[in-house]
Peer 1: 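This is the structure I have questions about; it appears just below.
Below, all heavy atoms of this structure are taken into account, side chains as well, without hydrogens, waters or symmetry copies. In this text the structure is predicted, and so the values were computed from the model without any measurement.
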Protein chains: 2
Amino acid sequence: MKEKVKVRDRILNVATDLFYHQGFNQTGINQIIAEANIAIGSLYNHFPSKNDLLLAYLRKQEEEWFEGLEKFTQGSSHPREKILKFIDYRIAQQQPDFYGCPFIKIIAEIGTQDQQVQQLVEGHKSRQRMLLQGLFQQLDYDGPIDKKLLADNFFLMVEGATVNATISRNIKPLEGVKKFIKKMIS
Amino acid sequence: MKEKVKVRDRILNVATDLFYHQGFNQTGINQIIAEANIAIGSLYNHFPSKNDLLLAYLRKQEEEWFEGLEKFTQGSSHPREKILKFIDYRIAQQQPDFYGCPFIKIIAEIGTQDQQVQQLVEGHKSRQRMLLQGLFQQLDYDGPIDKKLLADNFFLMVEGATVNATISRNIKPLEGVKKFIKKMIS
DNA sequence: TAAAAAATAGATAGATCTATCTATTTTTTA
DNA sequence: TAAAAAATAGATAGATCTATCTATTTTTTA
């Protein structure tokens, strides 16, 4: 028996795929309705404007990001292990084609003018950073670097590696970060 | 006496400003010719298509990036000093409004489909990385991390901090990288 | 099962986009 | 200074964009 996907979800699923892989400005309403197989009236009934659809897309990404991490790290208990799972998760997200981080991409595309978008993205990145700060605080590490500083800069390394994996179409930057942090916290 | 800026340069200067600050897809040919005060025929005479203008923009950015670094670091001789100048340069580039890195932005906007763009951007990032690898090799540092690994990950930190400075509209991520690397190579 | 709500196809408005073309004027070169 | 090259204003083509509207059909709710 057919599992019916609701119209709103069909729209949002297609928009998610296209905004992420093809870019927000390079995705037109007409392509979305064609691929989702819905009427244009339905789209504007659920999302009053393309910008509302963008916000729904970002909220969905935010929710799924933390759900995905939760699932990915279940079974790990030691903070060191969880930190390594974090980088593994972000590597896994980039497989196989290095499309980058959806939050970074939208800011690069449309800037920070739209306050709702800016706050969603800033909030998302801030939550990742906080999560890592918590994990690093729990470590029994006594290297030369303050734990919070190490956590913040580890986060930035992962961010930079994600961007440069896309640019070079290569996993190496991300693998290099993993190697680095392993040495630092071993 | 009036210094005449050539038509081609007026086009490229305006395109540079708009592509960088407003985005490539959000900048139309008509806005460029209006702000540059030139005829549309002249634009297409110098640049056969908008994509050719994009390539010229990226080549200009590439050239000016290394010229700018050269100027910024002149007077510094010790590798440690040069490394700190590198991060200072990338901080200075982000002042005062955190518009990010033009190379990262264009890839986030249009992806890696266009081979000329992809190669230009990958080449640029690779040259930055090589430059840093050279500086770190010259350091007399014997921390726990291999010099090349440290150089690569320092580069990635700066990249991530640039992106996150835009997102949070704050210099802190970049200052944090500086603090981190200072401790690592002191 | 009747009424209300949701979804549909498809036309349409009006703005905007890249690129080409024409006819004229200005600037540069030989 | 004459010929060639470059630049100009502005119309135009044809595609594409977001969003609205109408009239009809399908689905859901009471």
Peer 1: Looking at Ser42(B), does any N or O in its side chain come under 4.0 Å of the phosphate oxygens OP1/OP2 on dT8(D)?
Peer 2: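 So the side chain of Ser42(B) is within the cut-off, an N or O lying under 4.0 Å from OP1 or OP2 of dT8(D).
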Peer 1: Atom CG in Leu135(B), atom NE2 in His78(B): separation rounded to 0.5 Å?
Peer 2: 11.0 Å
Peer 1: Of all the nucleotides listed (dA19(C), dT8(D), dT8(C)), which has the minimum atom distance to the side chain of Ile38(A)?
Peer 2: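 From the listed options, dT8(C) comes nearest.
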Peer 1: Distance under 6.0 Å and angle within 45° of the ring axis: does Lys148(A) meet both against Phe136(A)?
Peer 2: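 No, cation not above the ring by the 6.0 Å, 45° rule.
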Peer 1: Report the distance from atom CZ of Phe47(B) to atom CD1 of Ile11(B), rounding to the nearest 0.5 Å.
Peer 2: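 So the gap between those two atoms works out to 5.5 Å.
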Peer 1: Looking only at side-chain N and O atoms, does Thr16(B) offer a donor or acceptor that is under 3.5 Å from a partner on Asn13(B)?
Peer 2: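 No, because no side-chain N or O of Asn13(B) sits under 3.5 Å from a partner of the opposite role on Thr16(B).
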Peer 1: Using whole Å, report how far CZ of Arg8(B) lies from C1' of dA7(D).
Peer 2: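 After rounding, the gap between these two atoms is 16 Å.
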Peer 1: In whole angstrom, what separates Asn51(B)'s CG from dT18(C)'s P?
Peer 2: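 Distance, rounded to whole Å: 12 Å.
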Peer 1: Quick one: does NZ or CZ of Lys50(A) land under 6.0 Å from the six-membered ring centre of Phe24(A), within 45 degrees of the ring axis?
Peer 2: yes
Peer 1: Counting heavy atoms from C-beta on, name the nucleotide in dT18(D), dT8(C), dA7(D) closest to the side chain of Asn45(B).
Peer 2: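 Within the option list, the nearest is dA7(D).
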Peer 1: Between Gln26(A) (CD) and dT16(D) (P), how many Å, whole number?
Peer 2: 14 Å
Peer 1: According to a strict under-4.0 Å criterion, is His46(A) in side-chain N/O contact with OP1 or OP2 of dA7(C)?
Peer 2: yes
Peer 1: Please classify the nucleic acid contact of Ile40(A) as base, sugar-phosphate, or nothing, using heavy-atom distances under 4.0 Å.
Peer 2: base
Peer 1: Write out the stems for DNA chain C, ordered by first number and formatted as range with range, counting runs of at least 3 consecutive Watson-Crick or G-U wobble pairs under 3.5 Å.
Peer 2: C:1-30 with D:1-30
Peer 1: May I ask you to decide whether Lys125(B) forms a salt bridge with Glu159(B), counting only side-chain N to carboxylate O separations under 4.0 Å?
Peer 2: yes
Peer 1: Whole angstroms only, please: what is the OH-P distance between Tyr44(B) and dA6(D)?
Peer 2: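 Between P of dA6(D) and OH of Tyr44(B): 19 Å.
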